[in-house]
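Below you'll find the structure, written out as structure tokens, and then a few comments.
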Number of protein chains: 2
Amino acid sequence: MDKIESNTEEKIFNAATEIFITKGFDGARMQDIADFAGINKAALHYYYRSKKRLFDAVFEKIANQILSRLVFVLDENLTLEEKIKYFFREHISFLQNNPTLPTFVVNELNRNPEKIKKFIQKINLKELGSKLENQHKEELENYNITKETIPMLIVSIAALCVFPFVDRVLIESVMKEIGYNFDDYMVKRKEHLSDFVIKAILK
Amino acid sequence: MDKIESNTEEKIFNAATEIFITKGFDGARMQDIADFAGINKAALHYYYRSKKRLFDAVFEKIANQILSRLVFVLDENLTLEEKIKYFFREHISFLQNNPTLPTFVVNELNRNPEKIKKFIQKINLKELGSKLENQHKEELENYNITKETIPMLIVSIAALCVFPFVDRVLIESVMKEIGYNFDDYMVKRKEHLSDFVIKAILK
DNA sequence: GTCTATAGAAGGATAGAC
DNA sequence: GTCTATCCTTCTATAGAC
């Protein structure tokens, strides 16, 4: 992705990312990672001490990558509709380039719920919520949104965006069966979803 | 769930279901399953020969359970809106009782894409599609639905319904943080989603 | 820092008694 | 059919040479 992998530590990290994402923690083998990195197995322990630590390093990096792409929602120059459009367009593009990330993250959070606390602390939900509410206070009157339905809306937007990737293998097969191509489908879906959601929330 | 587990085979099967669902294939241990069933490890191999076969038996049963709950979509006495309402209400109720199933199925399909072929053959998508189209031909004129957006709609409905369970741990934590309870939230969500979707597709 | 060799533990599977 | 004991492979992790 970024620069050419220079040192061994980086090679190991990149190989581990690849292997952990495709096979999960339990399915991944240190030998697989070593082979993929073109390096000896002992080096993995030299740099990362244990499989668990190596995994945690990979997960941490990925979690931060995802979070850092969401800061735009606080941009005060964007209207609510612009944010929705922006979210679908940017986030689906990101997932198109990293289609296996959602499954990986979901699995890890399921197996290791305590990691979520870190996640949540980083975001500081309540502050985020009130900031957003202030930013769009007047706008909200044009929409069919109440304090009660805000969590519904947020989960729905996330669902519409992320689900096709989590369930990708199934949806890809179904699309092929009826003559669609998954990537083309997702390209169209980006624009479709904005209209879909905005229509649903307009008064 | 059903009757009291009578024989050993059934005990093993139920224990395996529990363990495989919570830990996945790679994470599950034959010893865990044996302990959970209150039976010896050798018995597992006596009845199911290998871990893989035991797993496949469990997966097959669950896949059929899910599919069998979807036949109502072909009920010709229901309008399109009724089917949408029915789907959200019934399917979310089912998932509330089996909240860990989506993750389990998604993971297995990701690791073993060839299983999807079986799935798809059982459904016979094209026939299903044309039957549905005929059933609702006149109705469709009231909605903002074209041949192009049907796959969008179906994926969206599935996403809105299933995603909260796939990503349950995260959403549950977020809800708790802002003072909501996941189960209460999902109860409300059932009704909310019908309105949301129907509003989005109305002309 | 990187390699080879190997320790040591865990897990799937089977043999054989009952 | 069910159990104990055990085989054999696989995997993480480390020791020690270079």
Side-chain angles (χ1 to χ4, degrees), chain A residues 2-62 104 107-108 110-112 114-115, chain B residues 2-62 100 103-104 107-108 110-112 114-115:
Chain A
D2 336 60
K3 53 192 168 185
I4 287 293
E5 351 177 302
S6 43
N7 53 40
T8 305
E9 186 166 0
E10 210 170 319
K11 272 190 214 160
I12 293 174
F13 186 88
N14 291 338
T17 303
E18 173 68 23
I19 300 293
F20 279 134
I21 284 183
T22 43
K23 306 203 175 181
F25 180 82
D26 292 323
R29 296 293 154 242
M30 294 297 265
Q31 189 63 58
D32 297 341
I33 297 172
D35 291 348
F36 197 92
I39 209 105
N40 193 276
K41 211 174 42 158
L44 272 58
H45 289 96
Y46 175 80
Y47 281 100
Y48 289 94
R49 200 169 169 78
S50 75
K51 186 184 179 186
K52 177 95 175 58
R53 278 168 192 257
L54 177 52
F55 180 86
D56 287 344
V58 168
F59 184 79
E60 172 97 7
K61 171 99 175 276
I62 289 177
F104 174 72
N107 274 330
E108 176 53 15
N110 275 320
R111 200 182 47 238
N112 247 326
E114 69 274 12
K115 283 200 175 156
Chain B
D2 338 60
K3 52 193 167 187
I4 288 291
E5 350 176 303
S6 43
N7 53 41
T8 306
E9 186 166 358
E10 211 171 319
K11 272 191 215 163
I12 293 174
F13 186 87
N14 291 339
T17 303
E18 172 70 22
I19 301 292
F20 279 134
I21 284 181
T22 43
K23 305 200 174 179
F25 181 81
D26 291 324
R29 298 289 154 245
M30 294 296 265
Q31 190 61 58
D32 296 342
I33 296 172
D35 291 348
F36 198 91
I39 210 101
N40 194 278
K41 209 174 45 158
L44 273 59
H45 289 95
Y46 176 79
Y47 282 100
Y48 290 93
R49 201 169 168 77
S50 74
K51 186 183 180 185
K52 177 94 174 59
R53 279 167 190 257
L54 177 53
F55 180 86
D56 287 343
V58 168
F59 184 78
E60 171 97 6
K61 170 100 175 275
I62 289 177
T100 48
T103 314
F104 173 71
N107 274 329
E108 176 53 15
N110 275 319
R111 200 183 45 237
N112 247 326
E114 69 274 13
K115 283 200 176 157

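- Side-chain proximity of A:Arg29 to D:dC11, C:dT4, D:dA13: nearest is D:dC11.
- Look at A:Lys115 and A:Asp56 and you find a salt bridge, because one of the NZ, NE, NH1 or NH2 atoms lies within 4.0 Å of a carboxylate O, short of that distance.
- The interatomic distance linking A:Met30 (CE) with C:dG8 (P) rounds to 19 Å, in whole Å.
- For the pair A:Asp35/A:Gln31, a side-chain contact is recorded, criterion being any heavy-atom separation below 4.5 Å from C-beta on.
- Taking the ring centre of B:Phe13 as origin, the terminal cationic atom of B:Lys61 falls outside the region bounded by 6.0 Å and 45° from the ring axis.
- Looking only at side-chain heavy atoms (C-beta outward), B:Leu54 and B:Ile33 come within less than 4.5 Å of each other.
- Sorted by residue number, the members of residues 42-52 of chain B with any non-hydrogen atom under 4.0 Å from DNA chain D read B:Ala42, B:Tyr46, B:Tyr47.
- In this structure, CD of B:Gln31 is placed 11 Å from C1' of C:dG12, rounded to the nearest angstrom.
- The shortest distance between side-chain heavy atoms of A:Tyr48 and A:Glu9 falls below 4.5 Å.
- Between A:Ile21 and A:Ile62, some side-chain heavy-atom pair lies under the 4.5 Å cut-off.
- If you measure from atom CD1 of A:Ile19 to atom C1' of D:dC11, you get 15 Å, rounded to the nearest angstrom.
- Helix-axis bend for the helix from C:dG1-D:dC18 to C:dC18-D:dG1: the local axis fitted to the five terminal pairs at one end deviates from that at the other end by 10°, rounded to 10°.
- Within 4.0 Å of A:Ala28, counting heavy atoms only, lie sugar-phosphate atoms of the nucleic acid but no base atom.
- Two residues are said to be in side-chain contact when any heavy atoms from C-beta on lie closer than 4.5 Å; A:Lys51 and A:Arg29 meet this criterion.
- Just one residue in the list B:Phe59, B:Phe55, B:Phe104 forms a ring-ring contact (aromatic ring centres under 6.0 Å, His included) with B:Phe25, and that residue is B:Phe55.
- Summarising the geometry, the separation between NZ on B:Lys41 and C1' on C:dT14 is reported as 10 Å, rounded to the nearest angstrom.
- C:dG11 atom C1' lies 14 Å from atom CG of B:Asn40, rounded to whole Å.
- Look at B:Thr8 and you'll find a side-chain N or O under 4.0 angstrom from OP1 or OP2 of D:dT2.
- A:Ile33 has its CD1 atom 12 Å from the P atom of D:dC11, to the nearest Å.
- When rounded to the nearest whole Å, the span between CG of B:Asp26 and P of D:dT10 equals 15 Å.
- The shortest distance between side-chain heavy atoms of A:Asn14 and A:Glu10 falls below 4.5 Å.
- Whole-Å rounding puts the A:Asp35 CG to C:dT2 P distance at 17 Å.
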